[in-house]
Amino acid sequence: TPMNAIVGMTAIARSAAGNKEQVAKMAAAVIRGYQDQGMVVTAKHYPGFGASPVDSHIGMVYLEGDGKELLERELYPYTYCMKHADLSGVMVGHIMAEKVDPVYPASLSKPLVDLLRGTGYNGLMMTDSFAMIGLTNMFGLKQCHQLAMKAGIDMVMTSYRIGAREAYGYMMDAYREGMVSEEQITLSAQRVITAQNRTLREATQTVITDKERRAVDDMAKFSISATLDGVDSPALDTSKKHLFIVQEGNIFRDPITGELRPEICDMSEAVRVLKEKFSNSDFITLPEFPPKFQIEDVLTLTMEYDSVVMLLMNRNESYMGSADATKRMLAVLDGLRPKISAVVQFGCPYAAREYGKVKRVIFGYNGERCQQYAALVLAGELEPKGRLPVSF
């Protein structure tokens, strides 16, 4: 779903494509690359987040569909990667599939573990983190450790808020109370060792070559995407007087030091290139959560310019719950809509789903090279050839 929160987490969208076949093909290539370098890989998050708008760090994710439907839809990339990439592990998400198990989410559910095992997969299965409040508020932290073992999960990713000794105690209690047998513990240990033996080997490549650096640069260049609405080109006239509004990170008080610090919202490379190419234009900054007086000041300031360009960066990190721009920044966009000629969007592309009608949206994703190339697209020096990983 385009409203999904968790798949858009971090600065880069975790969705490779909008269809299961393309997702599976790209995932298999990534898995082979990691495993060839000696790493154990866990495909995640089984059975799948994509159809839900909920962030499991905060609330419980629910999937519709019975076992057959999940196998055809959510599990397709998993079974493909098992066949085409010799997948070494699966991470199980805190995801409810009520038609398969009406009581427990996948990370605690024997029916959902058995559903995956029924595909022929006998590899490593581990839980997602038990630091996620959406799960532990419903079932309790100690019970989560024990229920996961009872369900047949091989490894538990405990909460980073507790120590290893406490987590070990929870699991030992499960063994002593007969929730999990010694045979099952032995089988899980064997799966861990098997996964290591399949992947832990000498790295086949230890030096990044010039050819690979050029390939990375090409990926940045050819990833830049653009959507157009009522215009024929993503480029603007560089000779005109545009006002560039550049988003700044929100100020917060560091919970450890008590100091006031800004959130990271660095678009300096894009700004550097744009200032060079749009020499007749001006640049101002606006916080991610601008106060009323600053919104009013910006709206008034824009009257003397030919057009307005907004540079936005959106992330969806755990416990944020959304990949979208803040409502205050969207209010600025709405107020300036008649004059906005372009939005240059960095980070998570999902944010653009709330922008409404905008003549040009250029998607620069993440990284300095992407920022440079997105700026060159707006200046008319590069054609955007990327394809969005999500449709909305």
Side-chain angles (χ1 to χ4, degrees), residues 2 4 7-8 10-30 32-33 50 77 208-238 242 244 246 266-278 307 309-316 323 325 340-392:
N4 183 274
V7 174
T10 74
I12 306 173
R14 291 203 253 185
S15 172
N19 65 81
K20 63 183 183 182
E21 291 82 9
Q22 184 69 3
V23 168
K25 181 180 177 181
M26 296 182 74
V30 171
R32 286 192 295 269
I208 300 175
T209 66
D210 289 340
K211 179 181 178 181
E212 286 153 351
R213 294 183 191 280
R214 290 192 297 271
V216 170
D217 188 67
D218 284 344
M219 284 189 281
K221 180 186 297 183
F222 297 125
S223 72
I224 308 303
S225 317
T227 59
L228 306 179
D229 191 339
V231 294
D232 297 326
S233 169
L236 294 181
D237 186 341
T238 58
H242 308 282
F244 287 82
V246 183
D266 184 3
M267 293 179 277
S268 56
E269 275 302 296
V271 171
R272 180 186 65 79
V273 176
L274 290 169
K275 284 184 175 180
E276 177 185 317
K277 302 299 180 182
F278 291 84
S307 85
V309 179
M310 296 186 72
L311 270 65
L312 303 179
M313 177 174 284
N314 299 91
R315 305 172 312 283
N316 182 17
I340 289 179
S341 57
V343 172
V344 185
Q345 165 69 45
F346 295 107
C348 180
Y350 282 65
R353 62 195 171 192
E354 289 202 343
Y355 290 170
K357 185 178 177 63
V358 178
K359 293 176 181 178
R360 301 167 181 85
V361 181
I362 297 171
F363 297 89
Y365 306 106
N366 197 47
E368 290 185 355
R369 299 299 287 166
C370 283
Q371 288 191 24
Q372 294 164 11
Y373 289 129
L376 292 177
V377 167
L378 191 66
E381 297 184 17
L382 182 68
E383 179 185 353
K385 295 184 177 181
R387 184 169 60 185
L388 283 172
V390 64
S391 58
F392 41 82

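Numbers here simply count residues along the sequence, with the first being 1. Note: hydrogens, waters and symmetry copies are ignored here, and every other heavy atom, side chains too, is used.
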Non-neighbouring partners of Tyr355 that pass ring-ring contact (aromatic ring centres under 6.0 Å, His included), sequence neighbours left out
none

So which atom in [X] and which in [Y] form the shortest heavy-atom distance, rounded to 0.1 Å?
X: Lys359; Y: Ile340; result: CD-O, 4.1 Å
X: Tyr373; Y: Ala220; result: CD1-C, 3.9 Å
X: Ser307; Y: His242; result: OG-ND1, 2.6 Å
X: Gly364; Y: Ala374; result: CA-CB, 4.0 Å
X: Ile362; Y: Pro234; result: CD1-O, 3.8 Å
X: Thr238; Y: Ala379; result: CG2-O, 3.9 Å

[X] (side chain) donor-acceptor with [Y] (main chain) under 3.5 angstrom:
X: Gln372; Y: Ala375; value: no
X: Gln371; Y: Arg272; value: no
X: Gln22; Y: Asn19; value: no

Considering residues, nucleotides and ligands other than Lys25, do more than 12 of their heavy atoms fall under 6.0 Å from its NZ?
no

Within a radius of less than 6.0 Å around CD of Glu368, do more than 12 heavy atoms belonging to other residues, nucleotides or ligands occur?
no

Worked check of side-chain contact (heavy atoms from CB on, under 4.5 Å) between Val271 and Phe244
CA-CA 9 Å; Val271 171; Phe244 287 82; over 6 Å; no

Working to the nearest 0.5 Å, report the span between [atom1] of [X] and [atom2] of [Y].
X: Leu274; Y: Glu269; atom1: CG; atom2: CD; value: 10.5 Å
X: Glu212; Y: Met219; atom1: CD; atom2: CE; value: 9.5 Å
X: Leu388; Y: Tyr350; atom1: CG; atom2: OH; value: 10.5 Å
X: Gln345; Y: Asn314; atom1: CD; atom2: CG; value: 4.5 Å
X: Leu376; Y: Glu276; atom1: CG; atom2: CD; value: 8.5 Å

Which of Val246, Val361, Leu378 passes side chain to side chain contact (heavy atoms under 4.5 Å, CB included) with Val344? It is Leu378

Which is it for Phe363 and Ser223 under the side-chain contact (heavy atoms from CB on, under 4.5 Å) test, yes or no, and what are the steps along the way?
CA-CA 9 Å; Phe363 297 89; Ser223 72; over 6 Å; no

Is any side-chain heavy atom of Arg360 less than 4.5 Å from a side-chain heavy atom of Leu228?
yes

